[in-house]
Amino acid sequence: MADEPSLPALSEDQARAEARVTEILLGAGIDLAQNRITPLTDGKASVMAVTGKAGSGKTLLLAQLYTALKAAGVDVISGDYESRRRKDRRTLAILAPTNKAASVLRTRGVPATTIHRILYTPVYDPEYEKIAQWLAEGAERPVVEGLTDLALDRAHAFYQHNNSIPGALAAAGLRGSDFITGWKRRDEPLDVGMVDESSMLDKKQFEDLQEIFPTLVLFGDPAQLAPVQQSGEMVFDTLPKAKLVHLSRIHRQEADNPILDLAHALADPDLSFEGFERMIEVRAARDDRVVMAGRVEAQKMARSPVLVWRNATRIRLIHAFRAAYDAPADALLPGEPLICDGIELPLKHRKKRIDLEARGLIKGAQMIYVGQGNRPGFSKLHVVGALEPSVNVASIVKIELPDEEEPFIPFAARMGATFLHGAACTIHKAQGSQWPEVQVFAPDLWAAARVGRMEAGQPLWKRLAYVAITRAEERLFWVMRNRLARPTEPLSVDDLKAPPPLRLDGG
């Protein structure tokens with residue numbers, strides 16, 4: 001495998017945060033300075049949080065810590081396959097609340113997985129587990145009925161470059177349903193856990209993580225929106241001040257990023273909504289990465305939802321999107337975006353629920369409809385951000401209509417995963433996701449400003465605006481009017497590919 005490129009130098013406050021994390025790891029028996037580890041022992045649990053606004057360098061610091069832990073001999077747990085436990089083994093899991101948030105980290109060189117994928121572990125078919133043991137543990141090359149030497153060679157070559165057991169087995173011609181027979185709740189603790197986008201965590205998830213990881217480091221943005229049920233409080237707000245370290249420097253400021261400049265301008269207590277819009281207008285006049293748009297573009301909605309505050313706005317925009325593409329009332333078009341709204345299965349199907357959640361079908365996950373499944377009521381879907389994105393699942397699709405209490409259901413299985421349309425979504429649900437281009441529906445934020453609500457001591461409209469515009473990686477469209485531009489091309493699924501390989505350039 002090629003040598004990993006070095007990461008950029010840390011800023012002063014990042015170095016301070018790194019020293020705090022290094023101190024906690026040293027107390028847990030992982031010496032990053034000497035690249036030395038000692039076996040995990042029972043001891044006092046340690047939890048700390050690294051907080052900072054967008055652009056402060058949380059991801060860069062996380063990447064640096066991952067590289068240092070790997071160099072010290074700590075094994076990264078991906079949730080795909082775990083080698084047999086050794087007494088001297090130390091482990092690290094890098095987690096995010098959703099597949100989309102995990103994929104954002106992976107594109108930046110950090111091998112992240114979802115919290116669900118760590119809470120539940122796959123049970124491998126014994127015949128195919130021999131291949132996993134050969135690849136990951138150096139066991140004897142297996143002889144597996146139905147697989148040729150050429151297929152095993154393909155699996156080995158894939159694993160050498162990608163370090164993924166499911167990917168290697170897929171390269172040998174196997175499907176996930178061939179080699180994973182089910183999922184079980186993790187019954188043994190792990191070691192070190194690092195959680196990105198921890199502002200999205202609810203109290204139950206935080207408790208689950210503390211049960212599994214004796215050493216837990218949270219990375220989060222205090223300016224984002226807290227989970228709805230937690231009254232503006234994030235889990236790291238409950239930690240003692242001694243367990244918090246804040247990144248204040250804008251690490252990406254050298255890039256002259258106008259989107260981040262706008263986001264940080266919202267911290268000015270005297271800034272009004274009208275003043276903020278004038279600021280956007282000035283930026284847009286001199287930088288094409290910010291656009292004052294007169295209407296929503298339907299074509300962009302197919303892959304990145306319009307971000308809104310009000311549910312009624314979301315429903316109207318979805319209805320307009322489907323009308324613009326002449327979508328039939330009784331079916332979905334391949335390429336239509338969906339958002340998972342949960343799983344409707346009776347208790348006796350708990351194993352199936354775990355299987356679906358582990359594949360990424362968790363509340364808020366983004367999907368693209370690919371086509372009808374192999375049975376009535378089933379759908380072929382692309383799970384956005386998942387390492388294994390293709391699923392075939394019993395589906396209950398609900399399309400909400402303006403001024404109607406009950407959603408329209410074009411088709412449904414008796415039970416399974418439930419989906420809402422994803423051409424528009426609330427800013428709350430967009431947290432943890434990023435897209436190259438983002439359309440923010442400004443009339444909704446104006447309405448939030450008129451209401452005058454406060455959240456955690458700040459006007460709600462400012463928190464909404466901060467979260468919405470920081471979802472944009474490259475270009476921000478500030479949509480001024482309730483109009484829709486019709487698409488110039490039909491919907492398609494030709495753009496759906498597996499995620500790109502990891503890179504370690506600190507981006």
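Between the side chain of Gln431 and the backbone N or O of Val467, no donor-acceptor pair lies under 3.5 Å. Under the 3.5 Å distance criterion, the side-chain polar atoms of Asp287 are left unmatched by any main-chain donor or acceptor of Val290. In terms of modelled atom types and a separation under 3.5 Å, the side chain of Arg303 and the main chain of Gly335 share a donor-acceptor contact. In this structure a side-chain-to-backbone donor-acceptor pair under 3.5 Å is missing from Arg322 to Ile318. The backbone N or O of Thr98 sits nowhere less than 3.5 Å from a side-chain atom of Thr114 that would complete a donor-acceptor pair. Without hydrogens or angle criteria, Ser395 side chain to Ala417 main chain gives no donor-acceptor distance under 3.5 Å. When atom types are taken as modelled, the side chain of Lys398 and the backbone of Thr418 share no donor-acceptor pair closer than 3.5 angstrom. Although no hydrogens or angles enter the test, the distance criterion places no donor-acceptor pair under 3.5 Å between the side chain of Asp444 and the main chain of Phe441. Under a 3.5 Å cut-off, the side chain of Ser492 and the backbone N or O of Asp494 do form a donor-acceptor pair. At least one donor-acceptor pair under 3.5 Å links the side chain of Arg471 to the backbone N or O of Ser433.
Distance OG1/Thr488 to CD/Glu297: 9.0 Å, rounded to 0.5 Å. Expressed to the nearest 0.5 Å, how far CD of Gln434 lies from CD of Glu197 amounts to 7.5 Å. Of the inter-residue distances, the one linking Leu119 atom CG with Gln205 atom CD reads 8.0 Å to the nearest 0.5 angstrom.
The number of heavy atoms from other shown groups lying within 6.0 Å of CZ (Arg483) does not exceed 12. Other residues, nucleotides and ligands contribute over 12 non-hydrogen atoms within 6.0 Å of the CD atom of Gln210.
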Point to revise | Worked verdict on Asp196 versus Lys58 for salt bridge (Lys or Arg N to Asp or Glu O under 4.0 Å) | key: CA-CA 9 Å; Asp196 197 31; Lys58 297 185 298 296; over 6 Å; no

Check your understanding: Going through the distances and angles, do Lys53 and Asp221 end up as a salt bridge (Lys or Arg N to Asp or Glu O under 4.0 Å)?
Key -> CA-CA 5 Å; Lys53 290 186 177 181; Asp221 186 341; over 6 Å; no

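Between Phe276 and Trp478, the ring centre distance stays below 6.0 Å.
In terms of heavy-atom proximity, Pro214 sits nearest to Leu190 at CD-O, 3.7 Å. For the residue pair His264 and Ala54, the shortest heavy atom distance occurs at NE2-O, 2.7 Å.
Note on Asp341 versus Lys363: salt bridge recorded, some NZ/NE/NH1/NH2 to OD/OE distance being below 4.0 Å. Look at Glu473 and Arg108 and you find a salt bridge, because one of the NZ, NE, NH1 or NH2 atoms lies within 4.0 Å of a carboxylate O, short of that distance. Using a 4.0 Å cut-off between charged side-chain N and carboxylate O, Lys204 and Asp202 make no salt bridge. Classification of Glu274 and Arg450 as a salt-bridged pair holds, one side-chain N sitting under 4.0 Å from a carboxylate O.
Residue Trp461 is tested with Phe273, Trp309, Tyr466 for a ring-ring contact (aromatic ring centres under 6.0 Å, His included); the sole match is Phe273. Looking at Leu61, Leu95, Leu92 one by one, the single match for side-chain contact (heavy atoms from CB on, under 4.5 Å) with Met194 turns out to be Leu92.
Residues satisfying the side chain to side chain donor-acceptor pair (under 3.5 Å) criterion with His421, sequence neighbours excluded, are Glu336.
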